[in-house]
Amino acid sequence: NNMKFLILRLSNIIASPFSLRTKCWDLIAPNLCKQIAQEKKIFLKSSPDTLRDFVGMNQLNKFIKFYIDNLENFKSDLFNFTSSKTMTIFSLAEKLKLINERIFNESIDILFDSKTKKNNVEPFLYSNKKVSSLGFKIDKTIDDELESTLMFCKLNFDCSRTNEKF
């Protein structure tokens with residue numbers, strides 16, 4: 001039997017939605033972008049110290065193409081697909097704040113309920129050694145995906161910009 005399979009355990013993938021009907025608005029990155037567009041601020045509902053591993057959808061697409069192009073060299077296996085780099089939810093919000101300031105020249109506040117703040121958050125890392133061992137290097141930057149998600153939200157949720165073109 002020559003059938004091969006690939007099982008991927010995905011980290012938190014960031015990607016711009018295709019339409020307003022995409023059910024992504026409870027995910028952290030699209031939710032924060034939507035808040036920026038609608039509310040002109042970010043309110044973190046969970047602890048700002050919560051750690052997550054984010055990776056861009058473009059990296060996942062590149063890996064799948066890499067895997068298919070090199071299928072004859074690989075055996076069936078299970079892989080973690082991660083950046084192997086964690087960041088806090090607050091750091092993600094700060095990154096979005098800076099992107100918003102750079103692109104739209106708008107300053108926003110990042111707010112959170114001080115009761116949700118945790119102390120001594122243990123870092124965790126998912127290993128992507130198997131992916132790396134195949135010869136694929138994951139780009140750890142997520143800025144392109146954050147920018148495109150923020151642009152999507154500004155175009156679709158920001159009532160003050162309805163007549164502007166980006």
Side-chain angles (χ1 to χ4, degrees), residues 1-37 42 44-100 102-103 110 116 118-157 166:
N1 185 353
N2 287 350
M3 188 169 107
K4 292 188 179 185
F5 64 88
L6 167 68
I7 299 173
L8 288 175
R9 283 193 288 199
L10 303 177
S11 169
N12 292 281
I13 301 292
I14 296 178
S16 183
F18 288 107
S19 80
L20 291 172
R21 286 184 246 166
T22 303
K23 295 184 181 188
C24 65
W25 305 112
D26 290 330
L27 300 174
I28 188 70
N31 182 277
L32 297 182
C33 290
K34 186 177 178 184
Q35 285 186 52
I36 291 170
I42 291 175
L44 300 176
K45 298 171 188 160
S46 59
S47 171
D49 296 329
T50 302
L51 290 166
R52 293 287 181 263
D53 181 310
F54 296 101
V55 67
M57 177 62 96
N58 65 347
Q59 293 301 300
L60 178 59
N61 293 340
K62 286 178 184 177
F63 175 72
I64 292 171
K65 180 179 181 337
F66 173 82
Y67 189 85
I68 291 169
D69 289 348
N70 297 284
L71 195 56
E72 68 278 355
N73 301 323
F74 303 136
K75 62 179 181 165
S76 297
D77 209 343
L78 177 136
F79 298 91
N80 292 325
F81 193 81
T82 76
S83 70
S84 293
K85 176 184 165 191
T86 56
M87 70 186 319
T88 64
I89 299 299
F90 187 78
S91 295
L92 178 67
E94 284 182 317
K95 186 178 275 286
L96 281 164
K97 176 181 175 161
L98 292 173
I99 290 170
N100 188 64
R102 180 174 44 81
I103 295 175
I110 301 171
T116 63
K118 288 191 231 175
N119 294 323
N120 302 324
V121 175
E122 291 294 320
F124 63 93
L125 289 175
Y126 297 108
S127 173
N128 67 355
K129 288 181 184 175
K130 280 187 181 179
V131 169
S132 297
S133 73
L134 299 175
F136 186 82
K137 184 176 180 338
I138 296 175
D139 181 352
K140 294 175 177 28
T141 62
I142 54 174
D143 291 9
D144 289 347
E145 284 82 2
L146 292 176
E147 284 181 22
S148 62
T149 304
L150 184 57
M151 292 288 283
F152 179 90
C153 289
K154 288 284 192 170
L155 287 169
N156 290 284
F157 297 115
F166 296 107

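- Atom CG of D26 is surrounded by 12 or fewer heavy atoms from other residues, nucleotides or ligands within 6.0 Å.
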*asked:* Would F79 and L6 count as a side-chain contact (heavy atoms from CB on, under 4.5 Å) here? Give the steps.
replied: CA-CA 8 Å; F79 298 91; L6 167 68; 3.2 Å; yes
_Does K129 form a side-chain contact (heavy atoms from CB on, under 4.5 Å) with N80? I'd like the steps, not just the answer._
CA-CA 8 Å; K129 288 181 184 175; N80 292 325; over 6 Å; no
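- In this structure, F66 and F74 have tilted ring planes: the angle between them lies in the 30° to 60° band.
- Taking every heavy atom of both residues into account, C153 and A37 meet most closely at O-CB, 3.4 Å.
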*Would you sort out whether D53 and K85 count as a salt bridge (charged side-chain N to carboxylate O under 4.0 Å, His left out), showing the intermediate values?*
CA-CA 6 Å; D53 181 310; K85 176 184 165 191; over 6 Å; no
*asked:* Apply side chain to side chain donor-acceptor pair (under 3.5 Å) to residues D139 and T141 and explain how you reach the verdict.
replied: CA-CA 6 Å; D139 181 352; T141 62; 3.0 Å; yes
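- Taking the side chain as every heavy atom from C-beta outward, F157 and I36 never approach each other to under 4.5 Å.
- Between the CD1 atom of I142 and the OG atom of S83 there is a distance of 8.0 Å, given to the nearest 0.5 Å.
- The closest donor-acceptor contact from the side chain of S76 to the backbone of F5 lies under 3.5 Å.
- Between F136 and F63, the ring-plane angle classifies as perpendicular under the 30° and 60° cut-offs.
- Proximity of a side-chain donor or acceptor of N156 to a complementary backbone N or O of F152 within less than 3.5 Å is detected.
- Side-chain contact between I28 and I89 is present, with at least one heavy-atom pair separated by less than 4.5 Å.
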*Please assess L98 against E94 for the test side-chain contact (heavy atoms from CB on, under 4.5 Å), listing each intermediate value before the final yes or no.*
CA-CA 6 Å; L98 292 173; E94 284 182 317; 5.6 Å; no
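- Between A93 and L44, the shortest heavy-atom distance links the atoms CB-CD2, 4.2 Å.
- Atom CG of residue N100 and atom CD1 of residue I42 lie 8.0 Å apart, to the nearest 0.5 angstrom.
- Looking at P17 and W25, their side chains come closer than 4.5 Å, going by heavy atoms from C-beta outward.
- In this structure, the separation between CG on L51 and OG1 on T86 is 4.5 Å, given to the nearest 0.5 Å.
- Looking only at side-chain heavy atoms (C-beta outward), C33 and L96 come within less than 4.5 Å of each other.
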*What do the steps show when you test N31 against Q35 for side-chain contact (heavy atoms from CB on, under 4.5 Å), and what is the final call?*
CA-CA 6 Å; N31 182 277; Q35 285 186 52; 2.7 Å; yes
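- F81 has its side chain within reach of Q59: a pair of non-hydrogen atoms, C-beta onward, lies under 4.5 Å apart.
- Summarising the geometry, atom NZ belonging to K97 is positioned 5.5 Å from atom CD1 belonging to I110; distances are rounded to the nearest 0.5 Å.
- With a 4.5 Å cut-off on side-chain heavy atoms, M87 and F54 count as touching.
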_Worked verdict on S84 versus N128 for side chain to side chain donor-acceptor pair (under 3.5 Å)_ = CA-CA 6 Å; S84 293; N128 67 355; 2.9 Å; yes
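- In the displayed structure, R102 atom CZ is contacted under 6.0 Å by more than 12 heavy atoms of other residues, nucleotides or ligands.
- Shown here for L71 and K4, the closest heavy-atom pair between the two residues is O-NZ, 2.8 Å.
- Residues D143 and K95 are in side-chain contact: their nearest non-hydrogen atoms beyond the backbone lie under 4.5 Å apart.
- Here the side chains of I13 and V55 are in contact, with some heavy-atom distance below 4.5 Å.
- Interatomic distance, D49 CG to F90 CZ, rounded to the nearest 0.5 Å: 9.5 Å.
- Minimum interatomic distance between I14 and E145 (heavy atoms only, all atoms of both residues): O-CG, 3.1 Å.
- One distance of note links CG of L146 with CG of L92; it measures 6.0 Å at 0.5 Å rounding.
- By the 6.0 Å contact criterion, NZ on K137 is open, its count of non-hydrogen atoms from other residues, nucleotides or ligands being 12 or less.
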